[in-house]
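Input: a single structure, listed below in structure tokens.
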Amino acid sequence: MSVASKWGSKKQRAEAILAKLKILYPDATCSLDYQTTLQLLVATILSAQCTDERVNKVTPALFKRFPDARSLAGCDLAKPALREREELETLIRSTGFYRNKAKNIQGAARKIVAEYGGEVPQTMAELITLPGVGRKTANVVLAHGFGIVEGVTVDTHVKRLSKRLGLTEYQDPIRVERDLMKLLPQPDWENWSIRLIYHGRAICKARSPNCDDCQLAHLCPSAGSSNI
DNA sequence: ATCCCGAGGG
DNA sequence: CCCTCTGGAT
């Protein structure tokens, strides 16, 4: 029996999954800790290939030492930039990829100071010109920082679960995003990602998905299968 | 396709 | 030991 005949159309199933997610995770929000949009941007860059829990362990000291774009850019310090970057690297070291992340955070901060008056720009086109900022990071900053939903945030969890749920065949995040944008109502794009991430962390884990405890199993073509 | 990178789980 | 964690640049 085909997936379509057993579960209805892809779009119907997507909306049924969305409705169930809203019940399962009614209060789901971005789990990164931050006070300003700049801090949200920095925390999101740090979250690459790293748990949010770990990011939240380093950001209190990080944001105390470097509270805004100007301080991250090194403009208000007499110290040479290299010394400053080493200090930044030390503060974020445990998040992994720390050399690239430090370089990107400082590069992004400098560009924000030089070209945007120290304020995080509010468009996708501008955000993705910042070093270390791709479409995923830009979507997070736009949605949570500015309330602008231009697309669906596709990270490792959203990609994995959307594929397991039979809503896309692709691996490429851009194509996954395009499929999800067609299947889901625009006002739900952002909360879809947040809730799917919660579900991915708690139940539909990358290595060993807990299909026995999954409230979406009746809507999932991969449930109980080893073919995932 | 490959590299960057540490920490935690199994 | 190997895999994964809210990726992005080359």
Side-chain angles (χ1 to χ4, degrees), chain A residues 21 25 27-34 37 39-59 61-62 85-86 88-112 120 124-146 149-165 167-168 170-177 180 184 188-210 212 226 228:
Chain A
L21 285 171
Y25 309 103
D27 302 318
T29 56
C30 177
S31 43
L32 294 169
D33 297 335
Y34 62 94
T37 310
Q39 292 181 355
L40 170 62
L41 174 65
V42 171
T44 308
I45 291 174
L46 290 176
S47 73
Q49 300 295 292
C50 174
T51 61
D52 285 13
E53 189 181 357
R54 177 147 299 282
V55 173
N56 289 337
K57 283 187 174 181
V58 310
T59 45
L62 175 63
R85 186 146 90 212
E86 286 169 0
L88 182 53
E89 286 178 355
T90 301
L91 284 165
I92 68 172
R93 187 174 168 284
S94 68
T95 65
F97 297 165
Y98 64 92
R99 278 192 280 266
N100 276 338
K101 287 176 181 175
K103 184 168 52 170
N104 288 335
I105 287 167
Q106 193 168 59
R110 286 182 174 169
K111 190 160 186 174
I112 287 168
V120 180
M124 173 65 70
E126 291 170 315
L127 282 167
I128 62 177
T129 69
L130 300 173
V133 179
R135 204 177 158 79
K136 180 261 168 182
T137 299
N139 269 329
V140 170
V141 171
L142 286 172
H144 299 280
F146 301 119
V149 181
E150 287 198 17
V152 181
T153 301
V154 177
D155 65 356
T156 181
H157 291 298
V158 175
K159 184 174 74 171
R160 182 180 72 251
L161 271 67
S162 297
K163 190 171 168 66
R164 285 178 177 172
L165 287 163
L167 302 179
T168 184
Y170 296 112
Q171 293 289 341
D172 175 13
I174 300 292
R175 289 179 170 162
V176 173
E177 181 176 4
L180 293 173
L184 299 165
D188 288 306
W189 288 352
E190 176 244 338
N191 77 71
W192 167 267
S193 298
I194 292 292
R195 294 192 164 108
L196 220 54
I197 288 164
Y198 270 69
H199 195 66
R201 283 201 285 246
I203 305 289
C204 193
K205 292 178 276 190
R207 186 132 29 143
S208 53
N210 191 353
D212 291 342
S226 55
I228 50 178

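- Across all strands, A:R207 comes closer than 4.0 Å to base atoms (heavy-atom distances).
- Between A:R93 atom CZ and B:dC4 atom C1' there is a gap of 14 Å when expressed in whole angstrom units.
- The residue A:V55 sits apart from the nucleic acid: no heavy atom pair falls under 4.0 Å.
- We find that NZ of A:K103 is positioned 16 Å from P of B:dC3, with the value rounded to whole Å.
- Side-chain proximity of A:S94 to C:dC5, C:dG7, B:dA7: nearest is B:dA7.
- Residue contacts for A:L130: at a heavy-atom cut-off of 4.0 Å it reaches the sugar-phosphate backbone alone, with no base atom in range.
- Looking at A:R99, its side chain has no donor and acceptor atom pair within 3.5 Å of the base of B:dC4.
- Nearest-nucleotide assignment on DNA chain B puts the 5′-proximal partner with A:N100, out of A:K57 and A:N100.
- The residue A:T95 sits apart from the nucleic acid: no heavy atom pair falls under 4.0 Å.
- Counting only heavy atoms from C-beta on, A:T51 has its side chain closest to C:dC5 among C:dC5, B:dA7, C:dG8.
- Side-chain atoms of A:K101 come within 3.5 Å of backbone N or O of A:A48 as a donor-acceptor pair.
- Between the CD atom of A:Q49 and the C1' atom of C:dA9 there is a distance of 14 Å, given to the nearest Å.
- In this structure, A:Q171 atom CD and C:dG8 atom C1' are separated by 17 Å, rounded to whole Å.
- If you measure from atom NE2 of A:H157 to atom C1' of C:dT4, you get 9 Å, rounded to the nearest angstrom.
- Distance OG1/A:T153 to CG/A:N191: 11.0 Å, rounded to 0.5 Å.
- Positionally, the nearest nucleotide of DNA chain C for A:E53 lies more toward the 5' end than for the other of A:E53 and A:T129.
- Under the 3.5 Å distance criterion, the side-chain polar atoms of A:N56 are matched with a main-chain donor or acceptor of A:S31.
- Both A:Y98 and A:R54 lie close to DNA chain B; mapped to their nearest nucleotides by heavy-atom distance, the more 5′-ward contact belongs to A:Y98.
- DNA chain C is contacted by both A:P131 and A:I194; A:I194 maps to the nucleotide lying nearer its 5′ end (nearest heavy atom per residue).
- Nucleotide C:dA9 holds its C1' atom 13 Å from the CD1 atom of A:I45, rounded to whole Å.
- Protein atom CD of A:E89 is 11 Å distant from nucleotide atom P of B:dG6, rounded to whole Å.
- Atom P of nucleotide B:dC4 and atom CG of A:N104 are separated by 14 Å, given to the nearest angstrom.
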Could you walk me through whether A:L32 and A:H144 satisfy the side-chain contact (heavy atoms from CB on, under 4.5 Å) test, starting with their C-alpha distance in whole Å, then the side-chain angles of each, then the deciding distance to 0.1 Å, before giving a yes or no?
CA-CA 10 Å; A:L32 294 169; A:H144 299 280; over 6 Å; no
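- Stacking between A:F97 and B:dC5 is absent: the ring centroid is not both under 5.5 Å from the six-membered base ring centre and under 30° in plane angle.
- Between A:R160 and C:dT4, a side-chain N or O to OP1/OP2 separation shorter than 4.0 Å is absent.
- A:Y98 contributes no side-chain N or O that, together with a main-chain N or O of A:L88, makes up a donor-acceptor pair within less than 3.5 Å.
- Nucleotides C:dT10 and B:dC5 are separated by 14 Å at their P atoms, to the nearest Å.
- In terms of phosphate contacts, A:T156 brings a side-chain nitrogen or oxygen within less than 4.0 Å of OP1 or OP2 of C:dC5.
- A:R160 places a side-chain N or O within donor-acceptor distance of the main-chain N or O of A:C204, the cut-off being under 3.5 Å.
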